[in-house]
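Following: one structure in structure tokens, then a few remarks.
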Amino acid sequence: MAIDPHDRVSVVMFIREHGRGVAATVSAGGEPEAALVGMVALDDGTILFTSRSESRKVANLVGNGAVALVVGTEGAVTLQLEGSAEVASAARAKELEPVFVRHAPGSRVTDPGFSLVIVRPRWVRSYDVSDAVPVVVEALWS
């Protein structure tokens, strides 16, 4: 499945199809930390994931909102995204819960002790090795 990172709809559909990926954050000491997370993509390209409120990811994002995501760890096509993330306020999380649950039924978004993270990608790269010559396409999102 070829993805054009300039086309938000194709990026959103790819993320929805895969439903999870790796999220990398930066620790207070400047070290990278990564973990597999379930992801939900909103129509505008915003990406949501949940994490335990006391997790390293949440602590890292409170101190430094830089985040990188990789989606498509199986198969010939991967998507890499970089941007900023924030831990949603309780009110914002409550607003987004129905959307999250619609795309990820059974998720822990409503469980106590979990935080909702909102990611706004600024750089998106697709990497497709399904043909003899890999195809790499990058896009900047505003």
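Note: hydrogens, waters and symmetry copies are ignored here, and every other heavy atom, side chains too, is used.
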For residues 68-88, please give each side-chain donor-acceptor pair under 3.5 Å, one per line with the distance, not counting sequence neighbours.
from	atom 1	to	atom 2	distance (Å)
Q80	OE1	R125	NH1	3.2
S84	OG	R122	NH1	3.4
E86	OE2	R120	NH1	2.8

Would you give me the side-chain donor-acceptor pairs under 3.5 Å for residues 97-104, sequence neighbours excluded?
none

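Other members of the hydrophobic cluster containing W123, listed by chain and number, are L140; membership follows side-chain contacts under 4.5 Å among ILVMFWY residues, whether direct or relayed. Taking Ile, Leu, Val, Met, Phe, Trp and Tyr as members and joining any whose side-chain heavy atoms lie under 4.5 Å apart, directly or through other members, the hydrophobic cluster of V136 also contains Y127, V129.
Listed here is the closest heavy atom pair of V12 and L42: CG2-O, 3.2 Å.
Under the rule for a side chain to side chain contact (heavy atoms under 4.5 Å, CB included), the partners of A139 that lie at least two apart in sequence or sit in another chain are P5, H6, W141. Remark: R108 pairs with D111 by the salt bridge (charged side-chain N to carboxylate O under 4.0 Å, His left out) rule, at least two apart or across chains. With sequence neighbours left out, the side-chain hydrogen bond (donor to acceptor under 3.5 Å, both in side chains) criterion links T25 to N60. For D131, there are no side-chain hydrogen bond (donor to acceptor under 3.5 Å, both in side chains) partners at least two apart in sequence or on another chain. Contacts of S115 classified as side-chain hydrogen bond (donor to acceptor under 3.5 Å, both in side chains), with partners at least two apart in sequence or in another chain: S53.
Under a 3.5 Å cut-off, the side chain of T50 and the backbone N or O of F114 do not form any donor-acceptor pair.
The same ILVMFWY cluster, assembled from side-chain heavy atoms under 4.5 Å apart, contains both V37 and F14. Under a hydrophobic-cluster definition in which Ile, Leu, Val, Met, Phe, Trp and Tyr are linked whenever side-chain heavy atoms come within less than 4.5 Å, directly or via other members, V117 and I47 are assigned to the same cluster. V109 and V67 are not part of a single hydrophobic cluster, where members link through side-chain heavy atoms under 4.5 Å apart. Note: the hydrophobic cluster containing V11 does not contain V137 (ILVMFWY, side chain heavy atoms under 4.5 Å, direct or indirect links). When the side chains of ILVMFWY residues are joined at heavy-atom separations under 4.5 Å, either directly or via intervening members, L116 and V58 end up in two distinct hydrophobic clusters.
A salt bridge (Lys or Arg N to Asp or Glu O under 4.0 Å) check over residues 4-16, counting only residues at least two apart or in different chains, returns the pairs R16-D43. Sorted by first and then second residue, the salt bridge (Lys or Arg N to Asp or Glu O under 4.0 Å) pairs involving residues 53-72 (not counting sequence neighbours) are E33-R56. Every pair tested for side-chain hydrogen bond (donor to acceptor under 3.5 Å, both in side chains) that includes a residue from residues 62-71 fails, sequence neighbours excluded, so the list is empty.
Note: S10 OG to E17 CD = 11.5 Å, rounded to the nearest 0.5 Å. Atoms CD1 and CG, on I15 and L48 in that order, are 10.0 Å from each other to the nearest 0.5 Å.
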- Evaluate side-chain contact (heavy atoms from CB on, under 4.5 Å) for I3 paired with D128, printing each intermediate quantity in order. CA-CA 8 Å; I3 302 211; D128 185 342; over 6 Å; no
